[in-house]
Amino acid sequence: MTVALVDCNNFYASCERVFNPKLWGKPVVVLSNNDGCVVARSNEAKALGIKMGTPFFQVRDLAAKQQVQIFSSNYTLYGDMSRRVMDILSSFVPDTEIYSIDEAFLSLKRFKNIDPHHIRATVKQWTGIPVSIGLAPTKTLAKVANSIAKKSSSGVYCLPEEGKELEALLSKIEVEDIWGIGPQRALFLRSHGIQTAQELRLCNDHWARKHLSIMGLRTVLELRGIPCIPIELAPATKKSITSSLSFGQKVTAYKELEESVSFHVARAAEKARRYELAVEALVVFIQTSRFRQDKPYYGNSQTAILPYPTAYTPDLLRAALKALEGIYREGCEYAKAGVIFTGLVSAKCLQTNIYESDETFHGDQALIKAIDQINRKKGRNTLFFGSSGIDRAWKMRQERRSPRYTTQWSEILTVHI
DNA sequence: TCTGGGGTCCTAGGACCC
DNA sequence: TCTGGGGTCCTAGGACCC
């Protein structure tokens, strides 16, 4: 077996439990930003029939009746816990691809003798987070193995190599549960008589290439045990940076829209600087609610090309606010706004212009560095741009967030004896 | 009343080039 | 009657992932 997929069980819910042991054995649910949808559930909450992605208001009554413990997303905490888990994994197997906040692929080519049970026990002991580990010859099959591991008592499962046993297992995997097969493809496959992973595995290559695109063909081959999706050991270079949020309450005033766009520009620019990237173009977008039946939907976006690649917030703000002017429509109740930075290039080797001074291109570097440093040290938004507003009536709802136990001294866990 | 955020890749079609 | 061939780049939209 050359691939191991390590996946944290009910990750956000588990993070909450680590610092609040009373939650063990109880149904726990974590909500998306703006307390909108259910994005994580403990096994007890799953057993109550609360589905992933359900709008919270639809299960509010059920949750209250069943005493479900509800949390707003605490990404500061989850991000930090994720880093701890990943650090442990790469101390066992350095050839690791961090695939998402709660998942990592380990390449076992150079580490054939690694004991997955030991990894699992160490992560649990050092962080409190339970993980499941699936082993297989390809990433797609490792995903299958992991789903079986999740249901097993040991939390580890190694997929059989070939033959009847493997075929029987794959016959029990529905097509929509295969990594890379979403709702559209699943519908299509079922309409052509392909219901399970085993059936997809046996389909014709040309047919798969034609109807499922090159990605679909890769999935088919991976199910056969032929690796087509490599484990990426080096983090890929970023191609875009997005910052956007739904408003806590509907926004109609231009000034508030302007504030939120400014807020997102500043946030995305900070991220760009952290990655040492400069921005060639940005997109500003605003939209009303897609769910309102009584009012027409309005959503629009405008792209602004910067005169030169930059990560200097004031230059990006100017361009973004000008773009916003072009798409604002009076009388709409906006639900969401955001920015996307694209055309990202390394800030370390920028093409400059001999007719302009350095400051024109890079802005006041000392100032922006100082702002970033202070915010890193003293907490986000200690210093901010005035155009982001002070009251921020539009800010997102976050009514049940737990403390940021591991990253803020003032919110550290206290123990009473 | 209340419905997340941040990404990637592929494909088709149009514009444009020689 | 009959109207080239080969290529690149860009964009919008679709599909997928967690």
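Just so you know, these numbers come straight off a predicted model, no measurement behind them.
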Nearest-nucleotide pick for [X], side chain only, options being [options]:
X	options	result
Lys239(A)	dC10(B), dT3(B), dC9(B)	dC9(B)
Arg292(A)	dC10(B), dC2(B), dT3(B)	dC2(B)
Trp179(A)	dC17(C), dT11(B), dC16(C)	dC17(C)
Ile214(A)	dC2(B), dC18(C), dC10(B)	dC10(B)
Lys143(A)	dT1(B), dC18(C), dG6(B)	dC18(C)
Ser244(A)	dC18(C), dG6(B), dT11(B)	dG6(B)
Arg267(A)	dG5(B), dC16(C), dG7(B)	dG5(B)
Pro55(A)	dT11(B), dG6(B), dT3(B)	dT3(B)

From Glu16(A), Arg41(A), Arg17(A), Lys46(A), residue fulfilling side chain to side chain donor-acceptor pair (under 3.5 Å) relative to Asn10(A) = Lys46(A)

Donor-acceptor pair under 3.5 Å: do we get one between Arg397(A)'s side chain and the base of dC2(B)?
-> no

Could you state the atom-to-atom distance from [atom1] of [X] to [atom2] of [N] in whole Å?
X	N	atom1	atom2	result
Phe56(A)	dG4(B)	CZ	C1'	15 Å
Leu217(A)	dC9(B)	CG	C1'	15 Å
Glu222(A)	dC17(C)	CD	C1'	15 Å
Tyr75(A)	dC18(C)	OH	C1'	10 Å
Glu97(A)	dG7(B)	CD	P	16 Å
Asn33(A)	dG6(B)	CG	P	7 Å
Asn74(A)	dG5(B)	CG	P	16 Å
Gln184(A)	dT11(B)	CD	C1'	15 Å

Which is true for [X] with a 4.0 Å heavy-atom rule: it touches a base, it touches only sugar-phosphate, or it touches nothing?
X	result
Ile241(A)	sugar-phosphate
Leu187(A)	nothing
Ile101(A)	nothing
Asn34(A)	nothing
Ser243(A)	sugar-phosphate
Asp35(A)	nothing
Arg185(A)	sugar-phosphate
Tyr99(A)	sugar-phosphate
Leu245(A)	sugar-phosphate
Ser73(A)	nothing

If we call it a pair only when both distances are under 3.5 Å in a Watson-Crick or G-U wobble match, what pairs with dC16(C)?
-> dG7(B)

Ignoring hydrogens and angles, state whether a donor on the side chain of Ser154(A) or Arg120(A) is under 3.5 Å from an acceptor on the partner side chain.
-> no

Given side chains that start at C-beta, do those of Cys203(A) and Val220(A) come closer than 4.5 Å, heavy atoms only?
-> yes

For a quick test of reading the model: is some side-chain N or O of [X] closer than 4.0 Å to OP1 or OP2 of [N]?
X	N	result
Lys336(A)	dG5(B)	yes
Arg218(A)	dC16(C)	no
Lys250(A)	dT3(B)	yes
Lys271(A)	dG5(B)	no
Ser240(A)	dT8(B)	yes
Lys210(A)	dT11(B)	no
Ser32(A)	dT3(B)	no
Thr242(A)	dG7(B)	yes

Yes or no on ring pair (Phe, Tyr, Trp, His ring centres under 6.0 Å) for Trp394(A) and Tyr334(A), after CA distance, side-chain angles and deciding distance?
-> CA-CA 10 Å; Trp394(A) 42 270; Tyr334(A) 294 96; over 10 Å; no

CG/Asp115(A) to CD1/Ile133(A) distance, rounded to the nearest 0.5 angstrom?
-> 8.5 Å

Apply the test side-chain hydrogen bond (donor to acceptor under 3.5 Å, both in side chains) to residues Thr406(A) and Asp80(A): give CA-CA distance (whole Å), side-chain angles for both, the deciding distance (0.1 Å), then the verdict.
-> CA-CA 7 Å; Thr406(A) 61; Asp80(A) 189 59; 2.6 Å; yes

Stepwise side chain to side chain contact (heavy atoms under 4.5 Å, CB included) test for Ile181(A) and Leu200(A) | CA-CA 10 Å; Ile181(A) 305 296; Leu200(A) 182 60; 4.1 Å; yes

Are the charged groups of Glu333(A) and Arg292(A) less than 4.0 angstrom apart, N to O?
-> yes

